[in-house]
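The block underneath contains the structure these notes are about, expressed in structure tokens.
What you are looking at is a predicted structure, and each value in this text was computed from that prediction instead of being measured. To find a chain, count down the sequence lines: A is the first, B the second, and so on, and within it residues start at 1. Side chains included, hydrogens not; waters and symmetry mates left out as well; all remaining heavy atoms used.
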Number of protein chains: 2
Amino acid sequence: MQESGSGNNTKKLILKASMELFSELGYKAASVRKIASKVGIRESALYNHFTNKEEIFTAVAATLFATPTSAKQSELSIAERAKGGKKFLFSFIVGYKLMTFDAKNERLFRILMIELLQNKTIRDSFKSEFHNNNIKMLSEAFFVMMQEDLIRSGDPKLMAMEFLSPLFYLRLQVTLMKVDGEPTTALSTQFEKHLEFFWESVAI
Amino acid sequence: MQESGSGNNTKKLILKASMELFSELGYKAASVRKIASKVGIRESALYNHFTNKEEIFTAVAATLFATPTSAKQSELSIAERAKGGKKFLFSFIVGYKLMTFDAKNERLFRILMIELLQNKTIRDSFKSEFHNNNIKMLSEAFFVMMQEDLIRSGDPKLMAMEFLSPLFYLRLQVTLMKVDGEPTTALSTQFEKHLEFFWESVAI
DNA sequence: TATAGATATGAACAACTGTTCATATAAGAA
DNA sequence: TTCTTATATGAACAGTTGTTCATATCTATA
């Protein structure tokens with residue numbers, strides 16, 4: 001090993017630098033040379049760790065989606081926790097809000113949105129991990145709440161969509177504001193307001 | 001004038017070709033040469049109509065956002081039409097659905113999403129035209145509906161957000177499906193289901 | 001018909017792209 | 001120490017990028 005890389009973690013450094021550059025510039029503009037330069041090596045050295053640029057990006061995307069969506073906070077099953085009704089939804093909101101305002105996850109979301117319409121790998125990840133997991137989890141929760149007569153009956157999946165969509169939209173707004181360095185305090189309280197509105201809509 | 005361009009509308013042809021390429025490839029990959037080639041001229045000829053690539057993109061974006069959001073369908077004011085309650089919301093949904101599944105507007109949405117996090121001009125347009133107009137319009141409508149005792153009282157802007165977010169999320173999903181050539185029939189009925197759910201949530 | 005203005009062309013530019021290659025250097029195993 | 005393996009380097013490649021320029025050609029006006 002030469003300088004720069006402190007050991008065998010050059011690969012990790014590449015992933016770190018790549019994630020930052022991809023999120024800042026997007027796939028195309030985050031060139032192999034810029035990535036290498038950020039790591040402190042030449043671009044040719046990158047090819048000892050990855051076969052091509054696409055593989056770097058796929059690896060970055062994989063680490064991004066590996067982040068748990070705030071699912072396993074406790075040992076209790078979703079069905080069990082869902083019996084808490086509004087309490088469960090509140091904890092979900094708190095987790096989602098934390099993700100939205102966390103700098104690292106903010107980058108995640110940026111790069112996701114940037115590549116969503118250009119990269120099929122990202123699209124597939126979004127559909128399975130990001131979207132379906134949340135919808136599936138919430139659907140299960142709403143199904144339980146219906147059985148427990150906490151909320152009015154209906155299609156659990158539809159309710160999951162209705163609950164999640166405004167959160168997603170808020171997250172997009174927050175991300176857009178932060179990109180331009182605008183304050184997001186006004187949006188901060190919107191998350192709880194959404195919960196209030198939603199619960200008033202479905203609670204029995 | 002040489003061949004290709006049938007008259008003085010080369011500028012329009014450039015905008016048309018640009019829009020298609022921008023939406024397919026994004027800003028970076030839609031090169032000046034590709035645009036020129038699509039029009040049927042050399043890249044140097046483009047510079048007789050636009051000073052640089054950025055100006056082409058800005059012009060495209062301007063024409064995109066110039067499309068009315070289905071606001072002025074009739075001569076009646078929003079306040080007047082809002083008295084229709086669910087009927088008004090249904091007409092909004094129909095308009096939004098039409099936009100979502102219209103090929104041209106689909107492209108609009110794609111390019112918008114692609115550049116949303118990379119281009120400040122687009123971001124500003126999104127915030128003012130795309131977002132605020134809809135929210136403002138819907139807020140006014142919900143305010144009227146509250147006065148008419150058609151819906152429960154609350155923050156009209158919050159309701160507008162709750163009503164619009166799922167539509168936006170659906171639109172994004174449809175766009176993603178179409179990009180990969182997947183069928184969108186399953187999502188098609190979701191628009192009306194959202195209206196049913198929402199109206200049941202707020203109607204008195 | 002002569003002239004002016006708009007619009008076309010092709011060549012060139014400097015910079016950047018992803019990738020490959022022969023080669024050098026370092027660390028660990030024999 | 002010697003040999004192997006991993007990782008670094010710098011140069012080179014063939015394309016592509018946005019932009020400029022002198023020059024040619026078309027159209028409309030005088």
task = List the atom of A/P166, the atom of A/H194, and the distance in Å for their closest heavy-atom pair.
result = CG-CE1, 3.3 Å

key: Any donor-acceptor pair under 3.5 Å from A/N52 side chain to A/E55 backbone   = yes

request  = Would you please confirm or rule out a distance under 4.0 Å between OP1 or OP2 of C/dA8 and any side-chain N or O of B/H49?
outcome  = yes

Ionic contact status for A/R81 with A/E140, cut-off 4.0 Å = no

note = note: A/E54, atom CD; C/dT17, atom C1'; distance rounded to Å ~ 15 Å

inquiry  = Taking only side-chain N and O atoms of A/T10, does any of them lie within less than 4.0 angstrom of OP1 or OP2 on D/dT7?
reply    = no

task = Rounded to the nearest 0.5 Å, what's the gap from CG on A/L116 to CG on B/L176? Could you check?
result = 4.5 Å

message = Please give me the minimum heavy-atom distance between A/K193 and B/L158, naming the atom from each residue.
response = O-CD2, 3.9 Å

ask   = Separation of A/I41 atom CD1 from D/dT9 atom P, in whole Å?
value = 7 Å

ask   = Looking at A/E80, A/K83, A/M145, which one forms a side-chain contact (heavy atoms from CB on, under 4.5 Å) with A/F88?
value = A/M145

Taking only nitrogen or oxygen atoms into account, show me every contact under 3.5 Å that the protein makes with nucleotides 15-18 of chain D, one pair per line with its distance.
unit_1: D/dT17; atom_1: OP1; unit_2: B/S31; atom_2: OG; d: 3.0
unit_1: D/dT17; atom_1: OP2; unit_2: B/S31; atom_2: OG; d: 3.4
unit_1: D/dG18; atom_1: OP1; unit_2: B/K53; atom_2: NZ; d: 2.6
unit_1: D/dG18; atom_1: OP2; unit_2: B/V32; atom_2: N; d: 2.9
unit_1: D/dG18; atom_1: N7; unit_2: B/R33; atom_2: NH1; d: 2.8
unit_1: D/dG18; atom_1: O6; unit_2: B/R33; atom_2: NH2; d: 2.8

ask   = The side chain of A/N48 lies closest to which of these nucleotides: D/dA11, C/dT7, D/dA8?
value = D/dA8

inquiry  = Is the phosphate of C/dA8 approached by B/R42 (side-chain N or O, under 4.0 Å from OP1 or OP2)?
reply    = no

